[in-house]
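Structure, as structure tokens:
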Amino acid sequence: MQAARHVVCAVSGGVDSAVAALLLRRRGYQVTGVFMKNWDSLDEHGVCTADKDCEDAYRVCQILDIPFHQVSYVKEYWNDVFSDFLNEYEKGRTPNPDIVCNKHIKFSCFFNYAVDNLGADAVATGHYARTSLEDEEVFQQKHVRRPEGLFRNRFEIRNVVKLLQAADSFKDQTFFLSQVSQDALRRTLFPLGGLTKGFVKKIAAENRLHHVLQKKESMGICFVGKRNFENFILQYLQPRPGKFISIEDNKVLGTHKGWFLYTLGQRANIGGLREPWYVVEKDGTRGDVLVAPRTDHPALYRDLLRTGRVHWVAEEPPAALVRDKMMECHFRFRHQMALGSFSSPSALRADPQSRRHCVGDGREGCAGSRPGTVRCVLQRGRVPGQWEDPAPGAIRLHTPEGQEQTRCGRGGLQHRPG
């Protein structure tokens, strides 16, 4: 008789990971719960929320009668996620730490711990996402680590696994998973991928998981919590006072504590002004933030952008892009943002010499989206690629069927944990 497959499930103390572990148990797998402590700090009330979450996760494992482990990645999180977060902000970009956390912590540190230390046949999380593999196919996967460096694009993996959108389009979290490696994806189960949030809550209520069901869903950046974002970031970065300047007449409208605190397209809260103004550009040398009235102001839009090196989830790069040096695409630069609806065809173009890409109709610019934000490419429900852009005007791109818009919508600072 074959031994039960061993699945190590990340448990966060929330309802999603609790139900994920429950469903794995119901499938007959040998399940182990692991809680990751990634941030070592008190919240705005002087309480360490990680300790409370750990207690809730332990209680889940007790109810489900599965082993519980706790690991600390505080050092790794600081070095690979938070330091990157600060560096990007200091350069005037808007990073998404949840995406970086998934890449470096959950699907690298945790993944390796589960496989190497706990002997996992597969790992699982409570993310709302799916892959192209059935459970049994996941268990048949062998560890095939892709090489880093110059020749990694020539490394062939047969039967690549695709990252697919969740059945619950509102809760879909593939945005946050779009930099996860092929090696980790091929050995990961997403038990909630075919369920809605409402049904997940119903399962929790019917299985004595009321303590996690009653918890408020975490929103925002985990290490900021409910604290004022500007006050938090200025604890780590030196204030650089500057002016808000109207893009229309160069009039000084107010002052701020640091140009890096603002995101292109974000509403600028300028004291004394009733009408809303939005960030058009940032001058890091002078410390000025240029703003425009109205969300439809022409200065908020561009027709072309350039990206850095792409992270392709599946094909690297897609065959259509290799063949034609161009492919039609849609974009998204924020979680739950609708895919861009385009008024005329646009294309992703590849530059084989610089290994960078651009998207647009051939005209210059793209100020309406956030520099440094993370984008991903979707193609008929799967997520083949994602990249970060070192220059202003980066957006997230997708490739399902449809038309392509040639100007970027307004962005803003908004994070959901993934």
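Predicted model, so just to flag it, every value in this text is computed and none were measured.
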**Item:** Check: Tyr278 and Leu264 side chains under 4.5 Å, non-hydrogen atoms
**Value:** no
**Item:** Gap between atom CZ of Phe107 and atom SG of Cys101 - 0.5 Å precision
**Value:** 9.5 Å
**Item:** Spatial distance of atom CZ (Arg130) from atom CZ (Phe190) [nearest 0.5 Å]
**Value:** 11.5 Å
**Prompt:** Distance from Phe244 atom CZ to Leu273 atom CG, nearest 0.5 Å?
**Reply:** 9.5 Å
**Item:** Gap separating the CG atom of Leu189 from the SG atom of Cys9, nearest 0.5 angstrom
**Value:** 9.0 Å
**Message:** Main chain of Phe176, side chain of Asn102: is a donor-acceptor contact present, judged purely on distance under 3.5 Å?
**Reply:** yes
**Message:** If you count heavy atoms of other groups shown closer than 6.0 angstrom to CZ of Phe68, is the number above 12?
**Reply:** yes
**Item:** Beyond-backbone contact of Val34 with Tyr113, side-chain heavy atoms, under 4.5 angstrom
**Value:** yes
**Item:** Gln182 side chain near Trp312 side chain, heavy-atom distance below 4.5 Å
**Value:** no
**Request:** Output yes when Lys202 and Glu206 qualify as a salt bridge under the 4.0 Å nitrogen-oxygen rule, no when they do not.
**Result:** yes
**Asked** Does atom CZ of Arg286 have more than 12 heavy-atom neighbours, drawn from other residues, nucleotides or ligands, at distances under 6.0 Å?
**Response** no
**Prompt:** Distance only, no hydrogens: is a donor on one side chain within 3.5 Å (strictly under) of an acceptor on the other, for Ser181 and Asp183?
**Reply:** no
**Item:** Lys197 with Asp16: basic N within carboxylate O range, under 4.0 Å
**Value:** yes
**Request:** Step through it carefully: locate the ring centre of Tyr29, locate the ring centre of His6, and say whether they are under 6.0 Å apart.
**Result:** no
**Request:** Kindly determine whether Lys215 and Asp53 satisfy salt bridge (charged side-chain N to carboxylate O under 4.0 Å, His left out), including the steps that lead there.
**Result:** CA-CA 10 Å; Lys215 293 177 68 173; Asp53 291 337; 2.9 Å; yes
**Asked** Does any N or O in the side chain of Ser17 come within less than 3.5 Å of the main-chain N or O of Ser12, such that one atom is a donor and the other an acceptor?
**Response** yes
**Asked** Is there a side-chain contact between Trp277 and Leu253, using heavy atoms and a 4.5 Å cut-off?
**Response** yes
**Message:** Taking the ring of Tyr89 and the ring of Phe260, is the distance between their centroids below 6.0 Å?
**Reply:** no
**Request:** For Lys282 and Gly92, indicate whether the former's side chain and the latter's backbone hold a donor-acceptor pair under 3.5 Å.
**Result:** yes
**Prompt:** Can you find a side-chain donor-acceptor pair between His297 and Glu248 that sits under 3.5 Å?
**Reply:** yes
**Prompt:** Distance-only, no hydrogens or angles: does the His211 side chain make a donor-acceptor pair with backbone N or O of Asp56 under 3.5 Å?
**Reply:** yes
**Asked** If only atom types and distance count, is the side chain of Asn207 paired as donor or acceptor with the main-chain N or O of Leu209 below 3.5 Å?
**Response** no
**Sidechain-backbone polar pair: Gln70 side chain, Phe35 backbone, donor-acceptor under 3.5 Å** = no
**Prompt:** What is the distance from atom CZ of Phe110 to atom CG of Asn117, rounded to the nearest 0.5 Å?
**Reply:** 11.5 Å
**Asked** Is a donor on one side and an acceptor on the other found under 3.5 Å between the side chain of Asn87 and the backbone of Ser83?
**Response** yes
**Message:** Ring centroids only, cut at 6.0 angstrom: are Phe82 and Tyr236 within range, meaning strictly under it?
**Reply:** yes
**Message:** Given 3.5 Å as the limit, does a donor-acceptor pair link the side chain of Glu76 with the main chain of Cys109, or not?
**Reply:** no
**Item:** Donor-acceptor contact below 3.5 Å, side chain Asp172 vs main chain Ala166
**Value:** yes
**Asked** Would a distance-only check, ignoring hydrogens and angles, find a side-chain to backbone donor-acceptor pair under 3.5 Å from Gln266 to Thr263?
**Response** yes
**Request:** Quick one: pull up CG in Leu164 and CG in Leu177 and give me the separation to the nearest 0.5 Å.
**Result:** 11.5 Å
**Asked** Can you name the salt bridge (Lys or Arg N to Asp or Glu O under 4.0 Å) partners of Asp65, sequence neighbours left out?
**Response** Arg25
**Request:** State, with a plain yes or no, whether a side-chain heavy atom of Lys103 is found less than 4.5 Å away from one of Val180.
**Result:** no
**Request:** Would you please test Asp249 and Lys251 for salt bridge (charged side-chain N to carboxylate O under 4.0 Å, His left out) and show each step?
**Result:** CA-CA 5 Å; Asp249 55 13; Lys251 180 181 178 180; over 6 Å; no
